[in-house]
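Step one of this worksheet: look at the structure below.
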Protein chains: 2
Amino acid sequence: MDPLETRELRYFVAVAEELHFSRAAERLGIAQPPLSRAIQQLERRLGVTLLERDRRGVTLTSAGQLLLGEARAILDAAAAAARRTRRAASGTKRLILATKAGANHELLRKLLDAHAAEPDATEIEVLLCGMGDQARMLRDGRADVALMQRPFDALAGLDTEDLLTEQQVAILPAGHPLAARTSLTMADLAAVPDLPVARWPRHDGSYEPGPGPEIHDQAQLAQLIALGRTVAVLCASSRSWLWDAHTAVPLADAPHVTTVLAWPPHSRSRDVAGLVRTAARL
Amino acid sequence: MDPLETRELRYFVAVAEELHFSRAAERLGIAQPPLSRAIQQLERRLGVTLLERDRRGVTLTSAGQLLLGEARAILDAAAAAARRTRRAASGTKRLILATKAGANHELLRKLLDAHAAEPDATEIEVLLCGMGDQARMLRDGRADVALMQRPFDALAGLDTEDLLTEQQVAILPAGHPLAARTSLTMADLAAVPDLPVARWPRHDGSYEPGPGPEIHDQAQLAQLIALGRTVAVLCASSRSWLWDAHTAVPLADAPHVTTVLAWPPHSRSRDVAGLVRTAARL
DNA sequence: CTGCGGTGATACCGACCAGGTATGACAGCG
DNA sequence: CGCTGTCATACCTGGTCGGTATCACCGCAG
């Protein structure tokens, strides 16, 4: 009946992540008994057992797993609300745009130029972040809009406007035999055992097993390719940051990549709306 | 610093909506002084003035307007989390699908049949609701998935899968001169002063001004058309509930309508995912 | 079998704060 | 000039949040 308090959700998330009351309490900066009590109270109010207290540790029930996801989203939203409200009040009329470092050079430049040409252009601050960080930046209020790529990035829960769809290309060491070709297929790449395809982190930060190197950032990738140690599959606009030692070859059968402008669904601020309108005119 | 509590947000939303402390306090079931104090405390903790206390009433600052939207979303999410958690624990493996009463007969039947034919089909409960209620049902956890229509419904913050795109038709009284035509344009409709176009409620429940009648539900609309008092523009599948006294005529220049399956972004439950997969195969 | 270490739960207590009542300050208005 | 209605302030009370001490329980080593 009475709604969940964010304090309870914070506590629950801590316990659900640590699966250990004492450690969770330490992380929260409180003692263990109040934490036990708070969780019990939460369970009583919901009328649901969230945790199975097996001697030695704790496991989540299925209801608990569901609540964990919801609670994380709610806490993110609450933190975001506070940040955005403070930013709105501080008077600095500035939009923060998050983008993958190094990606979409051309598009970003065009977008910024077009926006600056608008009559009442609000200043845009560009926030470069790592791989899949844009979604988190949007969700917790550190950014207002983001350039993201479908199908690579997790766009769930975000509003988007498609900007540009492009082919993918293989980035090869310049001297490699395949680099002379004008077009390749995924099968061609897989058939070259001396050049394993680089592995990107998944949304949860883990890597799927495979022979290629684990990629953390673009600089590392660029160097590995230049050294002839790996090959990467990227969207065509990545050409803008290639080295002389790199060659880009179009991939005929790789899925197309769409770069989108994304923003959190409830931030229908005039500034974001204006930028989206500008972007829609490409 | 320390995160917003949902209690504070509830209080703030009440005041922001009523623009009146005493009325808001009454609505919340508490006295006015504690409310004043709670709001002051919220403002102090955020370091932001949310309300401009002009003698006689209260107005929202721009920061306050922003927080109002965010707070509503957070409270919805919290209520949804509680509902879903309770439902998950109650063991009833049942999906609740919300749809506009009367719309999408054919599509809904096909979807339900296809789902029932799946090997491990979870039972689906169909929840018929009024005009734009599906989004709220999804957001506050009363429904798991919904059939909605673009561009009519507010899909912000929901994940969607396109199901069916169709033309719109004009629904006319059977005896009307225009009913004999095989195709119409929006201009044709606007040029008939004796048959004003029905007005649907906007997302906020208000109506834009105009000569046509204000529509609350489909039965009312059907009767008004049959009586020759108005004409409506609907998607082609609405033909399934037409009366003998109605005639549907295709509209050449009206925007197409896409019916989509929508679900809240964080409910990646296996059941919802299964239904989406079934739906994607049309 | 019996301590020992480690789990979460319980008992109890103090301090804080949410909530109530009474009242104040201030503006509009008859 | 009161009267009314606004929100803010002052003060009190009770619930509850958090802390310390302890219990109940289990696995394990000796």
Side-chain angles (χ1 to χ4, degrees), chain A residues 1-61 63-65 67-68 71 75 78, chain B residues 1-61 63-65 67-68 71 74-75 78 82:
Chain A
M1 312 299 122
D2 27 28
L4 307 171
E5 287 302 321
T6 61
R7 187 184 57 88
E8 303 177 292
L9 295 179
R10 261 198 333 276
Y11 288 6
F12 173 69
V13 168
V15 175
E17 286 181 352
E18 299 284 347
L19 291 179
H20 195 288
F21 276 77
S22 303
R23 277 198 301 271
E26 187 181 6
R27 191 172 109 184
L28 292 166
I30 66 174
Q32 169 260 318
L35 180 59
S36 281
R37 217 184 24 186
I39 300 291
Q40 286 174 347
Q41 189 170 326
L42 174 62
E43 288 180 311
R44 247 186 315 114
R45 281 179 36 190
L46 283 171
V48 170
T49 40
L50 301 167
L51 300 164
E52 213 61 68
R53 279 85 158 171
D54 197 57
R55 341 277 177 243
R56 156 143 73 283
V58 175
T59 52
L60 280 170
T61 65
Q65 288 180 345
L67 184 62
L68 176 57
L75 294 177
Chain B
M1 329 294 131
D2 28 30
L4 306 171
E5 287 302 320
T6 61
R7 186 184 59 87
E8 302 177 291
L9 295 179
R10 261 197 334 274
Y11 289 5
F12 172 70
V13 168
V15 175
E17 287 180 350
E18 300 282 347
L19 291 178
H20 195 287
F21 277 75
S22 304
R23 277 199 300 272
E26 187 181 6
R27 191 172 108 184
L28 292 166
I30 66 173
Q32 169 261 319
L35 218 204
S36 283
R37 217 184 25 184
I39 300 292
Q40 286 174 347
Q41 189 170 328
L42 175 61
E43 287 181 312
R44 244 184 320 111
R45 281 179 36 189
L46 282 171
V48 169
T49 41
L50 302 167
L51 300 164
E52 214 59 70
R53 279 86 156 172
D54 199 55
R55 332 270 174 254
R56 155 140 76 285
V58 175
T59 53
L60 280 171
T61 65
Q65 287 179 345
L67 184 61
L68 175 58
I74 292 171
L75 294 177

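Since the model is a prediction, treat every value here as computed from it, not as a measurement. By convention in this document, chain letters (A, B, ...) are assigned in the order of the sequence lines, proteins followed by strands, and residues within each chain are numbered from 1.
Between the side chains of Glu52(B) and Thr59(B), no donor-acceptor pair of N or O atoms lies under 3.5 Å. Of the N and O atoms on the side chains of Ser22(B) and Glu26(B), not one donor lies less than 3.5 Å from an acceptor on the other residue.
Here the straight-line distance linking atom CG of Leu51(B) with atom CG of Leu67(B) works out to 9.5 Å at 0.5 Å rounding. Taken to the nearest 0.5 Å, the CZ atom of Arg45(A) stands 14.0 Å off from the CD atom of Gln40(A). Separation of atoms OG1 (Thr6(A)) and OH (Tyr11(A)) is listed at 10.0 Å; rounding is to 0.5 Å.
Atom pair Ile39(A):CD1 and dT7(C):P shows a separation of 17 Å (rounding to whole Å applied). Following rounding to the nearest Å, Leu35(B) (CG) and dA18(C) (P) show an atom-to-atom distance of 12 Å. Counting to the nearest Å, the P atom of dC17(C) and the CD atom of Glu5(B) are 13 Å from each other. Rounded to whole angstrom, the span from the CD1 atom of Ile30(A) across to the P atom of dT20(D) amounts to 12 Å. Atom CD in Gln40(A) sits about 12 Å away from atom P in dC17(D), given to the nearest Å. For the pair Arg45(A) CZ and dT16(D) P, the interatomic distance rounds to 10 Å; values are reported in whole Å. Atom CD in Gln32(B) sits roughly 11 Å away from atom P in dT9(D) (whole-Å rounding).
Phosphate proximity of dC26(D) to Arg53(A): absent, as no side-chain N or O sits under 4.0 Å from OP1 or OP2. The phosphate of dA8(D) (OP1 or OP2) has a side-chain N or O of Ser36(B) nearer than 4.0 angstrom.
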For nucleotides 14-16 of chain C, print each protein N/O atom paired with a nucleotide N/O atom at under 3.5 Å, atom names and distance only.
none

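By the 4.5 Å heavy-atom criterion applied to side chains, Leu42(B) and Leu46(B) are counted as neighbours. Between Arg10(A) and Leu75(A), the closest side-chain pair of non-hydrogen atoms falls below 4.5 Å.
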Margin query: Run the salt bridge (charged side-chain N to carboxylate O under 4.0 Å, His left out) test on Glu43(A) and Arg53(A) for me, step by step, so that the C-alpha distance in whole Å, both residues' side-chain angles and the decisive distance to 0.1 Å come before the verdict.
Written below: CA-CA 13 Å; Glu43(A) 288 180 311; Arg53(A) 279 85 158 171; 2.9 Å; yes
Note to self: As a quick check of understanding, evaluate side chain to side chain contact (heavy atoms under 4.5 Å, CB included) for Leu50(A) and Leu68(A), giving each step before the final call.
What the structure shows: CA-CA 9 Å; Leu50(A) 301 167; Leu68(A) 176 57; over 6 Å; no
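Annotation: proximity of residues 10-27 of chain A to DNA chain C (heavy atom, distance under 4.0 Å) is found for His20(A), Phe21(A), Ser22(A), numbered in ascending order.
At the heavy-atom level, Gln41(B) lies under 4.0 Å from the strands shown only through sugar-phosphate atoms.
Between Arg44(A) and Glu8(A) there is no salt bridge, since no side-chain N of the basic residue sits under 4.0 Å from a carboxylate O of the acidic one. Using a cutoff of 4.0 Å between basic side-chain nitrogens and carboxylate oxygens, Glu17(A) and Arg27(A) are scored as salt-bridged.
The rotation axes computed at either terminus of the helix from dC1(C)-dG30(D) to dG30(C)-dC1(D) lie 0° apart, taking five pairs at each end and rounding to 10 degrees.
Taking the side chain of Arg37(A) as heavy atoms from C-beta on, and the options dG20(C), dA9(C), dG19(D), the nearest nucleotide is dG19(D).
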